Colleague: 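Let me give you the structure first, and then I'll get to my questions.
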Amino acid sequence: MELISSTKSFGGWLKRYKHESLSVKGEMTFAIYLPPQAESQSVPVLYWLSGLTCSDENFTQKAGAFRKAAELGLAIVCPDTSPRGTDYPGEHDSYDFGSAAGFYLNATVAPYSNTYHMYDYVVQELPHLVEANFPVTDKRSISGHSMGGHGALICALKNPGHYQSVSAFAPIVNPTDCPWGEKAFTGYLGEDKSTWQEWDASLLIANAKERLPLLVDQGEADNFLVEQLKPEALEAACDAAGHPLTLRRQPGYDHSYFFIASFIDEHLEHHAKALEL
């Protein structure tokens, strides 16, 4: 790993690193916030997955999470949202596919199948790297926003026992049935929609092997609510399967980081309780 920057915040340190990734076959960047407690003991980690157009820096600069993380003794790791440095045809043409839009899956369609393995990166490679190089425990939680909320939900649902808790802000809960998901899944996974199902949280709920409680916040003034996000699909799936879900519809809030910053402390406390902080 190569250190890019180091900034003190609320007694802890926000550090950015770049490293060569085996999962995506190229250089990746991630940020880690280490609370002050990490100077004397190992601390658990919350993985934060960001949304379309984002990098690791959106959360670190806009969410306002570090005061509470420092209070709780919780590290936060923020990966990038896609591989970088490739130049596939059409990869940089739109905000909702390709660059900064990896959708936290493993692509199976060339050329994206060569490098777009963000699921393996987030679930396997990055935790291994973090746990080997920083004063953290193997207790993990996961959260995210929009595309990253989708990522957090599927990572938790597909890996029982891997995470202690999960939450999401305005997640894309039913990507097999919304324009963002249909575009991304066609490009990364192909035309056979049966292969899409393993990446859709609302479809994974029925057969989930672990009933990890889901905490979801959704702004009622979100411009993407009706067409793209469809929280009612997740609600129906959880009701049918008896899966614990706390879905909080927040009046007046939109899709922005103002929304995230308003409720991030409550999400961190949700994770801290599960992590026994």
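Predicted model, so just to flag it, every value in this text is computed and none were measured.
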Colleague: With no hydrogens and no angle check, just 3.5 Å: does a side-chain donor-acceptor pair link Tyr119 and Glu198?
Modeller: no

Colleague: Considering only distance and modelled atom types, tabulate donor-acceptor pairs under 3.5 Å from the side chains of residues 145-154, sequence neighbours left out.
Modeller:
{"unit_1": "His145", "atom_1": "NE2", "unit_2": "His255", "atom_2": "O", "d": "3.0"}
{"unit_1": "Ser146", "atom_1": "OG", "unit_2": "His255", "atom_2": "NE2", "d": "2.9"}
{"unit_1": "His150", "atom_1": "NE2", "unit_2": "Phe103", "atom_2": "O", "d": "2.9"}

Colleague: Roughly how far, to the nearest 0.5 Å, is the CZ atom of Phe224 from the CG atom of Asp254?
Modeller: 9.5 Å

Colleague: Which pair of non-hydrogen atoms, one from Ala31 and one from Thr60, has the smallest distance, and what is that distance?
Modeller: CB-CG2, 4.0 Å

Colleague: Mark yes when over 12 heavy atoms from residues, nucleotides or ligands other than Gln41 sit less than 6.0 Å from its CD; otherwise mark no.
Modeller: yes

Colleague: Do side-chain atoms of Tyr188 reach the backbone of Gly98 as a donor and acceptor pair under 3.5 angstrom?
Modeller: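 Such a contact is found between Tyr188 side chain and Gly98 backbone.
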
Colleague: Say whether Ser167 and Ser143, considering side chains only, have a donor N or O and an acceptor N or O under 3.5 Å apart.
Modeller: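 Per modelled atom types, Ser167 and Ser143 side chains form a pair under 3.5 Å.
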
Colleague: Taking the ring of Phe30 and the ring of Tyr121, is the distance between their centroids below 6.0 Å?
Modeller: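 That pair fails the under 6.0 Å test.
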
Colleague: Does anything in residues 93-108 pair up under side-chain hydrogen bond (donor to acceptor under 3.5 Å, both in side chains), and if so which pairs, sequence neighbours excluded?
Modeller: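 Pairs touching residues 93-108 that pass the test: His92-Ser99, Ser94-Asp96, Ser94-Lys183, Tyr95-Trp180, Asp96-Lys183, Asn106-Asp120.
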
Colleague: Under the salt bridge (Lys or Arg N to Asp or Glu O under 4.0 Å) rule, collect the residues that match up with Lys68, sequence neighbours excluded.
Modeller: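 Partners of Lys68 by the salt bridge (Lys or Arg N to Asp or Glu O under 4.0 Å) criterion, ordered by chain and then number, come out as Glu71, Glu269.
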
Colleague: Taking the side chain from Lys230 and the backbone from Asp177, do they hold a donor-acceptor pair closer than 3.5 Å?
Modeller: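 Checking the backbone N and O of Asp177 against the side chain of Lys230, a donor-acceptor pair under 3.5 Å is found.
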
Colleague: Going through the checks in order, is the side chain to side chain contact (heavy atoms under 4.5 Å, CB included) test met by Asn174 and Leu234?
Modeller: CA-CA 7 Å; Asn174 195 195; Leu234 182 65; over 6 Å; no

Colleague: Provide the closest heavy-atom pair for Ser23 versus Glu125 in the form atom of the first, atom of the second, distance.
Modeller: OG-OE1, 2.6 Å

Colleague: The criterion is salt bridge (Lys or Arg N to Asp or Glu O under 4.0 Å); which residues satisfy it with Lys193, sequence neighbours excluded?
Modeller: none

Colleague: Is a side-chain donor or acceptor of Ser256 paired with a backbone partner of Phe258 at a separation under 3.5 angstrom?
Modeller: yes

Colleague: Can you pull out every side-chain hydrogen bond (donor to acceptor under 3.5 Å, both in side chains) where at least one residue sits in residues 202-219? Sequence neighbours excluded, please.
Modeller: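 As it turns out, the side-chain hydrogen bond (donor to acceptor under 3.5 Å, both in side chains) pairs with a partner in residues 202-219, which skip direct neighbours, are Arg211-His243, Asp217-Arg248, Asp217-Gln250, Asp217-His267, Gln218-Asp222.
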
Colleague: How about Arg67: does its CZ atom have over 12 heavy atoms from other parts shown lying under 6.0 Å from it?
Modeller: no

Colleague: CD1 of Ile172 to CG of Leu229: how many Å apart, nearest 0.5 Å?
Modeller: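 If I round to the nearest 0.5 Å, the distance is 6.5 Å.
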
Colleague: Quick one: NE2 on His19 to CG on Leu3, what's the gap to the nearest 0.5 Å?
Modeller: 13.5 Å

Colleague: Are Asp200 and Thr176 close enough that a side-chain donor and a side-chain acceptor fall under 3.5 Å?
Modeller: yes

Colleague: Could you tell me whether a side-chain N or O of Arg140 sits under 3.5 Å from a main-chain N or O of His162, the two making a donor and an acceptor?
Modeller: yes

Colleague: Examine Phe66 and Phe134 and state if one hydrophobic cluster contains both, with Ile, Leu, Val, Met, Phe, Trp and Tyr joined whenever side-chain heavy atoms are less than 4.5 Å apart.
Modeller: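 Result: no, two separate clusters.
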
Colleague: Might you point out which heavy atoms bring Asp80 and Cys54 nearest each other, and give the distance in Å?
Modeller: OD1-O, 3.7 Å

Colleague: How long is the straight-line distance from CG of Leu204 back to CD of Gln197, given to the nearest 0.5 Å?
Modeller: 9.0 Å

Colleague: Do we see a donor-acceptor contact under 3.5 Å between the side chains of Lys18 and Thr29?
Modeller: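 Looking only at side-chain atoms, Thr29 and Lys18 do not form any donor-acceptor pair under 3.5 Å.
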
Colleague: Return the set of residues passing salt bridge (Lys or Arg N to Asp or Glu O under 4.0 Å) with Glu182 (not counting sequence neighbours), or none when no residue passes.
Modeller: none

Colleague: Using the ring centroid of each side chain, check whether Phe263 and Phe169 are separated by less than 6.0 Å.
Modeller: no

Colleague: Just say parallel, tilted or perpendicular for the rings of Tyr112 and Tyr88, cut-offs at 30° and 60°.
Modeller: perpendicular

